[in-house]
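We name chains A, B, ... by the order of the sequence lines, and we start the count at 1 in each one.
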2 protein chains.
Amino acid sequence: MTETKPRYHHGDLPSTLLHSARVLLEQDGIAALKLRAITRHAGVSATAATPHFGNLSGVLSALAAIGFNELTAAMSNTAHKTMRDIGLAYIRFAIANPGLFTLMFRNDSVDRTTPDLKNASEKALACLAHLPSDTPSSSPLDKAAQMASAWAKVHGLAILAIDGQLQALTPQPLTPILLEKLLANTLSLK
Amino acid sequence: MTETKPRYHHGDLPSTLLHSARVLLEQDGIAALKLRAITRHAGVSATAATPHFGNLSGVLSALAAIGFNELTAAMSNTAHKTMRDIGLAYIRFAIANPGLFTLMFRNDSVDRTTPDLKNASEKALACLAHLPSDTPSSSPLDKAAQMASAWAKVHGLAILAIDGQLQALTPQPLTPILLEKLLANTLSLK
DNA sequence: GGGGCATCTTTACAGTGTAAAAATATAAAG
DNA sequence: CTTTATATTTTTACACTGTAAAGATGCCCC
């Protein structure tokens, strides 16, 4: 629809395809991420993605890499580099892009050996893993445990929020405002 | 293979199919959970599952329900009803049954409105949600935050463990023994 | 201009899920 | 025991899917 410059046969097809994939993902969920649906949406033939991405997994891996880059950006834009703020940025990203977030951690749809994806995901993980720890850690295993604890809580919370399972924990219906408060409270717990 | 009593046409096909599905899941991962592969493995025609489960989603939902029941049993068999022991049971189950655990939380493969699955998953959640809290909570939102924190940490840890991403946090290679220690340490953190 | 080549389309094929109709065996009724 | 009804399974058919292989298309650079 809104290509920048139609230079080659069809403009730069790779970004067009990724755009289509993202639209479909947001519109109809992760089940709609079929190769033929993506190429159909982009207005090209069914196999047009092959020279650029190889196969479906290639397209989805590229899209997942974009997601990790955006997630990294969101975490980097926080004012305070605290567990609470970075965690909130992480979870807000997940809630704002549930389909993309799900795809990013879907091992069977995505090829994690792709260099782009590997780099992008490692950068995002680094933002979470190198949070300043409040309690001094003695052994390396303790340090790992602290990082695992933070990363697990944030990631777990994001998943629960996306799946709507946090609803089950509160008596009252969970409005967006209340959800934010719940997340902040949860992240503030040590 | 090992039917109890071959009464009907083919024995009780439902459990045979679920057994086949589970074998395929453990052998070849979640991508192998095709309806035709399951029926082929069970030695019946491609559409034999229809009268019992309706469609593929029905089979997978039933299998996921079994998983939740086993998870509940694992958590109920712990000696101490502490965050640490119940959490460890939860994560050990995930590590022992990675495919099944993944399936259980896969929203697009599974139909959560199925009564069996809904009941089973709610029971499992209840085991985690009603842990004794160490710090007295004032508001209901605080209580929800405490439950969310525990549930998120345990679930997040399980996912990280399954994906092998805990490896990235430790300098040394993560042997099973070291993994157990890391999990215990992480769960002991408040 | 005219090769060379990346890009895209066409065609073909093996799989998939599942709806519909036909076949089969069990259970129930007479 | 025979006959009917019903639940179970198979057969058939169809619209999909991903992708390999071969053919067309148009850009780039010498």
_B/Arg22 vs B/Ile66 side-chain heavy atoms within contact, under 4.5 Å_ =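 Yes, their side chains come closer than 4.5 Å.
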*Hey, are the side chains of B/Leu166 and B/Leu169 touching, using non-hydrogen atoms and a 4.5 Å cut-off?*
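A side-chain contact under 4.5 Å exists here.
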*Taking the six-membered ring for Trp and the full ring for Phe, Tyr or His, determine whether the centres of A/Phe68 and A/Phe105 are under 6.0 Å apart.*
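So the answer is yes for these two rings.
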Side-chain donor/acceptor pairs under 3.5 Å, residues 90-100 of chain B, sequence neighbours excluded:
| residue | atom | partner | partner atom | Å |
| --- | --- | --- | --- | --- |
| B/Tyr90 | OH | B/His155 | ND1 | 2.8 |
| B/Arg92 | NE | B/Glu180 | OE1 | 3.4 |
| B/Arg92 | NE | B/Glu180 | OE2 | 2.8 |
| B/Arg92 | NH2 | B/Glu180 | OE1 | 2.9 |
| B/Asn97 | ND2 | B/Phe93 | O | 3.1 |

In whole Å, what is the span from the [atom1] atom of [X] to the [atom2] atom of [N]?
{"X": "B/Leu17", "N": "C/dT18", "atom1": "CG", "atom2": "P", "value": "14 Å"}
{"X": "B/Asp12", "N": "C/dT26", "atom1": "CG", "atom2": "P", "value": "14 Å"}
{"X": "A/Phe53", "N": "C/dA6", "atom1": "CZ", "atom2": "P", "value": "17 Å"}

*Looking only at atom types and distance, does a side-chain atom of A/Asn55 sit under 3.5 Å from a main-chain N or O of A/Gly58, one as donor and one as acceptor?*
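Yes, A/Asn55 side chain to A/Gly58 backbone: donor-acceptor pair under 3.5 Å.
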*Sidechain N-carboxylate O distance under 4.0 Å for A/Asp111, A/Lys118*: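 No, this pair does not count.
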*asked:* Please tell me if A/His52 has a side-chain N or O lying less than 4.0 Å from either OP1 or OP2 of C/dC8.
replied: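 For C/dC8, OP1 or OP2 has a side-chain N or O of A/His52 closer than 4.0 Å.
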*Sugar-phosphate means primed atoms, P, OP1 and OP2; the rest is base. With that split, encode nucleotides 14-21 of chain D 5' to 3' as B, S or - using protein heavy atoms under 4.0 Å.*
---SBBB-
